[in-house]
Amino acid sequence: MAAAVKDNLPVLLIVTLLSSAYLLPILTRVRKFRLVEFFAVFVLALTFTGGVVLAYKVLATGAFNYIVGGWPAPWGIELTINALSGIFLLTIGLVTIPILLYASADLVEEVGSRQRAIWFLTLFLLLTAAASGLAVTGDMFNIFVFVEVATIASCAIVSARNDAASVEATFKYLMLATIGSGFVLLGIGFLYMLTGNLNLNFINMELSTTWHNYPTALWMAMSFFTVGFGVKSALFPLHVWLPDAHSTAITPASAVLSSLAVKGYIVALLKVFYLAVGAKIIFALPITNILLLLGMIAIIAGALFALSQDELKRRLAFSTVSQIGYIFLGIGLGTIQGLAGGLLHILSHGITKALLFLAAGTIVKRTGKTRISHLSGLGFEMPITFGVFAVGTLSMIGIPLFSGFVSKWQLLLGSLEKGNYLAVLVLIGGSLLAAAYLLPVLRVAFFQKSEEEQIREPEAPYVQKVAMLFLAVVIIFVGMFPGIFLELARQAAESLLGMEVLL
Amino acid sequence: MILVLILTAILISTLGALWIAIIPEESKKERNLVVTTTLVISAAIVWGLLVYILSTGNYPVIEVPLASLKWRLLLDPLGMTYGLIASTLWVFAAIYSFGYMSKDRRQRKFFSFFLLSAGITLGIAFSGNLFTMYLFYELLTFATYPLVVHQGTKEALESGTKYIKYSLVGASFILAALVMLWRVTGGTLDFGALPTLFGVASSGQVATIFFLFILGFGVKAAVMPLHGWLPSAMVAPTPVSALLHAVAVVNAGVFGILRTVYSVFGPSLLLELNVRWILLVIVSITILMGSLIAIKQDVLKKRLAYSTISQLAYILLGAFMLHPLGLAGAILHMIFHSTLKIVLFFAAGIVAEETSYVKVSELGGVGKLLPLTLGSFGLVSLGMIGMLPLSGFWSKYYLLQGSLNTGSWPILAILLVSGLLNAFYFIPITISAFTGKAEINEVTKGSSFVLMLVPTLILTVLALVFGLLPGLTLPLVNGVIGQFFSL
């Protein structure tokens with residue numbers, strides 16, 4: 001039994017998440033709603049364990065393929081588990097578990113009714129399933145399926161609260177995300193026409209011999225993928241939907257969207273680029289240079305937009321635009337160190353932004369204050385919430401001891417490896433801007449005396465505090481002992497870029 | 001054993017800070033006890049370790065490898081000097097703060113960050129590579145910020161923001177330098193890794209890295225024109241100004257530059273790079289400008305701040321001579337300037353607390369009301385000018401020797417002129433304090449007054465002792481020089 005589970009772990013991860021997601025609506029009749037919520041958390045914990053086992057296996061023995069149902073490719077479905085899957089599965093687990101734990105404290109109250117709460121849980125698990133699917137999938141068809149599942153789930157989760165603002169944001173998001181899907185589908189169509197295959201490995205084999213015959217078509221296909229996934233992962237200037245969607249959604253939804261959902265598409269893009277098309281061909285096209293440039297613009301522009309927002313959640317949402325730029329900068333550098341930095345930033349930004357959104361949500365909910373300038377004097381009233389917010393801030397700036405430093409350091413090394421001093425400047429400027437838009441929150445809360453008499457605000461419920469403290473501890477742990485995460489990221493970068501980059 | 005001791009010295013303050021943060025605001029006795037005990041223990045450990053490394057002559061290293069970087073702690077005479085100054089003066093500043101802060105309603109917050117900064121400062125002192133040092137250097141900014149803005153007024157918040165901006169930009173230069181150094185040395189940030197590799201990188205590259213480090217550390221060392229934050233930071237409570245802005249924070253910058261010059265690049269490499277004259281000119285300008293601006297300041301603490309800017313540049317001047325005597329002067333001046341300047345701040349704080357006078361022009365006759373305080377101030381300011389029998393004489397003596405030996409007559413002139421300027425802005429204060437007529441006739445001295453006066457007097461006596469027996473510092477100074485120059 002145990003062996004069977006272990007052998008079929010890649011597919012079991014997705015199956016467990018999907019089936020639990022659809023099982024949940026049946027559980028509406030369970031009297032104690034708490035039990036339903038803890039069931040969902042338990043499922044996440046279970047799949048996280050699976051993710052850890054897979055990551056460990058990849059680290060120990062290298063990447064491997066899993067053939068679903070025993071029908072080998074090109075006819076059957078093949079899953080590819082490599083270090084990239086490992087690092088993304090770890091991110092998924094580390095982010096979703098605390099977020100759902102946090103959500104469980106006041107979910108019914110937040111979304112309005114038990115029925116809606118159940119649907120929220122279903123959507124949450126679906127989103128997690130789609131993200132895990134993107135992590136392990138090995139063919140174009142499944143990439144598209146999971147991209148669509150993720151898109152629908154994220155759009156629906158934005159409107160969980162069912163008020164005017166979030167419905168409008170959802171509509172905006174849905175429109176742009178659908179256009180993005182269209183581009184992705186076009187890209188897949190092009191690749192299928194060129195190669196006659198959907199399996200990533202087979203596409204790669206086909207293209208490596210024949211790509212010289214259709215460089216323009218391939219170039220078109222890559223552009224479609226870049227734009228399609230760019231819209232979905234909020235690459236500047238395709239980010240316009242993100243600030244509304246991420247700031248109007250309920251707190252756990254904002255957290256999971258900002259820290260996880262946008263990253264899934266980046267993983268998909270990396271798979272298309274490096275597993276299907278291959279590093280050699282990608283570097284022959286100027287695509288990475290474009291991503292590098294867009295990444296740099298995103299870092300600065302996103303941060304400047306964030307700086308001009310007074311509303312706390314909107315500021316965090318624009319901060320995500322800026323931080324996504326770091327990841328694209330890492331991809332654009334196209335060196336081992338740089339890509340490893342970008343991949344590590346998926347993890348590091350994930351846990352950091354999840355923590356910041358949860359803390360911000362607690363602040364907004366407990367005090368009713370959405371604007372940063374109104375927070376004066378609250379720091380010592382809610383020491384834990386603002387304390388973990390401080391941890392998130394320091395990590396986002398990239399202070400050593402916190403996870404943000406590790407990825408920033410790798411990105412800096414990657415930039416120098418490439419001899420790109422502009423990127424060094426942008427990275428350092430970006431972290432200074434991060435300090436400029438996040439530190440004022442702490443300054444106002446802790447050190448500015450408030451004009452009005454403070455009523456003592458109750459801190460968040462116990463479960464929410466635990467969830468936030470867990471994330472804070474993870475951030476510091478990754479910051480202090482980044483060894484295994486760095487190793488995963490480096491292996492992922494090496495396997496994606498292959499040997500030709502080293503020469 | 002050594003490992004346990006070092007970690008205790010660094011971490012005990014952090015634990016103390018957490019303890020204080022938990023116990024309620026009202027339990028003042030327990031808090032003062034925790035502060036005193038932790039600081040005394042860590043100072044005692046530092047003294048013990050000093051005796052150990054000076055008597056055995058080996059410098060223990062502790063390493064914890066990370067992925068590609070590593071944490072590294074090192075005990076050497078240079079780091080020891082800074083650690084010794086900070087941890088010892090921290091105890092005095094704590095006792096002074098018990099008096100000064102006794103009416104404050106947020107002592108819990110104040111003392112938590114006060115202790116936290118103590119641990120982080122020792123972390124800087126004992127850092128064994130640039131990465132570890134960068135970590136503690138960044139943390140110091142964030143741990144000291146709450147102390148700077150403690151008053152919570154608009155002015156305090158503004159100068160706090162200024163402090164953070166300057167510090168973070170400075171730290172960014174250091175980070176850029178670290179990454180570039182990492183590339184040049186092929187993946188190590190340990191001290192002493194670079195000098196052996198000269199030739200691998202172009203001299204332009206090495207010079208760029210060097211100047212990035214100087215720019216970065218120069219912010220906290222308040223080298224002009226990077227000094228803007230220091231006078232503004234005088235809005236902080238006086239014990240903070242005394243400790244952080246005369247000792248711990250500014251010396252962290254100076255110490256960073258000393259590490260860069262001597263431990264990372266090394267005197268011979270820098271002589272080869274031919275950067276000495278640029279550096280000497282910059283710090284000479286800082287020395288003169290600092291003194292000149294100090295004369296114009298009427299607010300006593302601001303005058304002291306500009307004096308600090310000028311005096312810190314003395315230390316750097318000695319360091320940049322790249323000569324054993326210059327380094328001896330730098331080390332001595334780091335020790336003596338800290339012990340002297342903290343007394344001046346302490347005295348200024350007592351005056352402000354007891355009479356609410358903060359301006360130089362208001363001080364006439366105050367000396368008759370607070371004879372011991374102003375007496376200490378007057379005596380110690382003589383040391384600042386560089387007169388016998390105060391300790392300040394000896395550091396200037398070595399700086400003069402150093403400049404003679406490097407054949408730089410202009411520097412000699414600058415030192416003499418600056419000494420005169422120091423006399424201009426210090427001596428009139430004392431004279432008018434004892435000869436003028438005060439508007440108030442008496443001050444009520446409470447129990448807090450004694451707590452403030454005692455550390456002031458002890459440190460004044462210390463300044464006299466060092467002035468009369470300068471040989472006491474010889475083992476330490478010899479240790480530092482022996483580390484970097486083969487004589």
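Each chain gets a letter, A, B and so on, in the order its sequence line appears, and its residues count up from 1.
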| Which heavy atom in A/L439 sits nearest to a heavy atom in B/I164, and how many Å separate them? |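 A/L439 and B/I164 have their closest heavy atoms at CD1-CG2, 3.8 Å.
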| query | Heavy-atom distance under 4.5 Å to chain A: side chain of B/F142, backbone, both or neither? | reply |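 Side chain of B/F142 only, per the 4.5 Å heavy-atom cut-off to chain A.
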| Side chain, backbone, both or neither of B/K154 within contact of chain A (heavy atoms, under 4.5 Å) | neither
| Is it true that A/F446 and B/Y145 have ring centroids separated by less than 6.0 Å? |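 No - the distance between ring centres of A/F446 and B/Y145 does not fall below the 6.0 Å cut-off.
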| field | From CA spacing to verdict: side chain to side chain contact (heavy atoms under 4.5 Å, CB included), B/L175, A/K408 | value | CA-CA 10 Å; B/L175 181 62; A/K408 194 172 87 175; 3.5 Å; yes
| Relative to chain B, which segment of A/L416 carries a heavy atom at a distance below 4.5 Å: side chain, backbone, both, or neither? |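 Both parts, backbone and side chain.
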| field | Which portion of A/L394 sits near chain B, non-hydrogen atoms under 4.5 angstrom | value |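 Answer is side chain: those atoms of A/L394 sit under 4.5 Å from chain B.
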| message | Taking CG in B/L215 as the centre, count heavy atoms belonging to other residues, nucleotides or ligands within less than 6.0 Å. Is the count above 12? | response |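 Atom CG in B/L215 is packed in, count exceeds 12.
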From [X] [atom1] over to [Y] [atom2], what is the distance, rounded to the nearest 0.5 angstrom?
| X | Y | atom1 | atom2 | result |
| --- | --- | --- | --- | --- |
| B/F173 | A/I428 | CZ | CD1 | 9.0 Å |
| B/T161 | A/R443 | OG1 | CZ | 4.0 Å |
| A/L432 | B/K165 | CG | NZ | 11.5 Å |
| A/I399 | B/Y134 | CD1 | OH | 6.0 Å |
| B/S172 | A/L425 | OG | CG | 10.0 Å |

| said: Could you tell me if the side chain of A/F447 sits less than 4.5 Å from the side chain of B/Q151, heavy atoms only? | reply: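 Contact flag for B/Q151/A/F447 side chains = no.
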| message | Quick one, A/W409 and B/L178 - any side-chain contact, counting heavy atoms below 4.5 Å? | response | yes
| request: In sequence, state the C-alpha distance, the side-chain angles, and the governing distance for A/L413 and B/V179, and then conclude on side chain to side chain contact (heavy atoms under 4.5 Å, CB included). | output: CA-CA 6 Å; A/L413 288 182; B/V179 189; 3.7 Å; yes
